[in-house]
Amino acid sequence: TYRWNTTTGLRGTLKSHSEIVFTSEGNPETSTTRNYAKDGIEILEESVATFADVNFDDEGNIVGGTLVQDTYRWNTTTGLRGTLKSHSEIVFTAEGNPEISTTRNYAKDGIEILEESVATFADVNFDDDGNIVGGTLVQDTYRWNTTTGLRGTLKSHSEIVFTAEGNPETSTTRNYA
């Protein structure tokens, strides 16, 4: 993906580059994306999605399982992946719709967990093609308790209400002390 140069009306600098590796059955195995700074040269981060635990039907549709994605900061000194920035897991229903999505964000050391967000799709309605056709997406973000190594106190609670056309109608977020 390139940025658009509004001055010249031409393609500008590189914004991201993705590569998807497929299995012999034609299903995605891994998807790697590098995001670039505005200069289009400096790599900022790299995300790797792994489909090993995702189930596909004979037509290549998701029919359950868990998609795992790790995002790493880029180490400009070594020119390699740096520390872990975030770890996400999306669990899919047998119909191929997301059921729950959990993301942990990490400190710059890539070890200390800062917070965990959980998005719940239980009240989101999907059509047969997997498009949202109404309902409410709920997301809770928790501070991480480094003493217990578990979720700590609630940081924020968000609800996004969707129209029957699948468009967001309202989004409400409450932040907590």
Side-chain angles (χ1 to χ4, degrees), residues 1-3 13-22 27-56 62 64-93 96-124 126 130 132 136-160 162 168 171-177:
T1 305
Y2 292 89
R3 293 174 180 82
T13 60
L14 184 63
K15 183 175 182 179
S16 66
H17 174 81
S18 299
E19 293 183 11
I20 302 171
V21 176
F22 292 92
N27 298 321
E29 185 173 351
T30 60
S31 173
T32 304
T33 300
R34 288 184 177 173
N35 293 317
Y36 292 83
K38 288 184 180 181
D39 66 6
I41 299 168
E42 179 187 358
I43 301 169
L44 299 175
E45 63 185 27
E46 182 175 77
S47 295
V48 180
T50 306
F51 295 82
D53 294 325
V54 176
N55 304 318
F56 296 93
I62 293 176
T66 303
L67 172 66
V68 176
Q69 180 168 318
D70 290 316
T71 300
Y72 300 89
R73 295 170 183 85
W74 195 257
N75 185 325
T76 55
T77 304
T78 64
L80 300 171
R81 275 187 206 155
T83 60
L84 184 63
K85 183 176 182 180
S86 67
H87 173 82
S88 300
E89 296 186 9
I90 303 170
V91 177
F92 293 94
T93 65
N97 299 320
E99 184 174 11
I100 191 165
S101 174
T102 305
T103 300
R104 288 184 177 173
N105 293 317
Y106 292 82
K108 288 186 179 182
D109 67 5
I111 298 168
E112 179 187 354
I113 301 169
L114 299 175
E115 63 186 25
E116 182 174 74
S117 296
V118 180
T120 306
F121 295 81
D123 294 326
V124 176
F126 296 93
I132 293 175
T136 303
L137 172 66
V138 176
Q139 180 169 314
D140 290 318
T141 300
Y142 301 88
R143 296 170 185 86
W144 195 256
N145 185 325
T146 55
T147 304
T148 64
L150 301 170
R151 283 185 200 156
T153 58
L154 185 63
K155 183 177 180 180
S156 66
H157 175 83
S158 301
E159 295 185 11
I160 302 170
F162 293 93
S171 176
T172 306
T173 300
R174 289 192 176 134
N175 295 313
Y176 297 89

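The figures here come from the full heavy-atom set of this structure, side chains too, leaving out hydrogens, waters and symmetry mates. Along the sequence shown, residues carry numbers from 1.
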Next on the checklist: Main chain of Lys108, side chain of Thr83: is a donor-acceptor contact present, judged purely on distance under 3.5 Å?
Outcome noted: yes

Item to check | His157 side chain near Thr173 side chain, heavy-atom distance below 4.5 Å | outcome: no

Checklist entry - Between CZ of Phe22 and OG1 of Thr30, what distance do you get to the nearest 0.5 Å? => result 9.5 Å

Next on the checklist: Using a 3.5 Å distance criterion without hydrogens, assess whether the side chain of Thr50 forms a donor-acceptor pair with backbone atoms of Ala52.
Outcome noted: no

Item to check | Where Pro28 and Phe51 come nearest, the two heavy atoms and their spacing | outcome: O-CB, 3.2 Å

Checklist outcome for this item: What one should report as the nearest heavy-atom pair of Ile113 and Tyr106 is CG1-CE2, 3.3 Å

Next on the checklist: Can you pull out every salt bridge (Lys or Arg N to Asp or Glu O under 4.0 Å) where at least one residue sits in residues 82-91? Sequence neighbours excluded, please.
Outcome noted: Glu45-Lys85

Checklist outcome for this item: CG (Leu44) and CZ (Arg73) are apart, to the nearest 0.5 Å, by 12.0 Å

Next on the checklist: Give me the atom names and distance for the closest heavy-atom approach of Thr77 to Asn75.
Outcome noted: N-OD1, 2.9 Å

Checklist entry - Taking the side chain as C-beta and beyond, is there a heavy-atom pair between Trp144 and Glu112 under 4.5 Å? => result no

Checklist outcome for this item: Nearest heavy-atom approach of Ser31 to Ile20 is OG-CG1, 3.7 Å

Item to check | Thr66 and Phe92, any side-chain heavy atoms less than 4.5 Å apart | outcome: no

Checklist outcome for this item: For Asn175 and Ser156, the nearest pair of non-hydrogen atoms, with its separation, is OD1-CB, 3.3 Å

Item to check | Distance (rounded to the nearest 0.5 Å) between Leu67 CG and Ser88 OG | outcome: 9.0 Å

Item to check | Pairing residues for Tyr72 by the side-chain contact (heavy atoms from CB on, under 4.5 Å) criterion, not counting sequence neighbours | outcome: Asp70, Arg81, Leu84

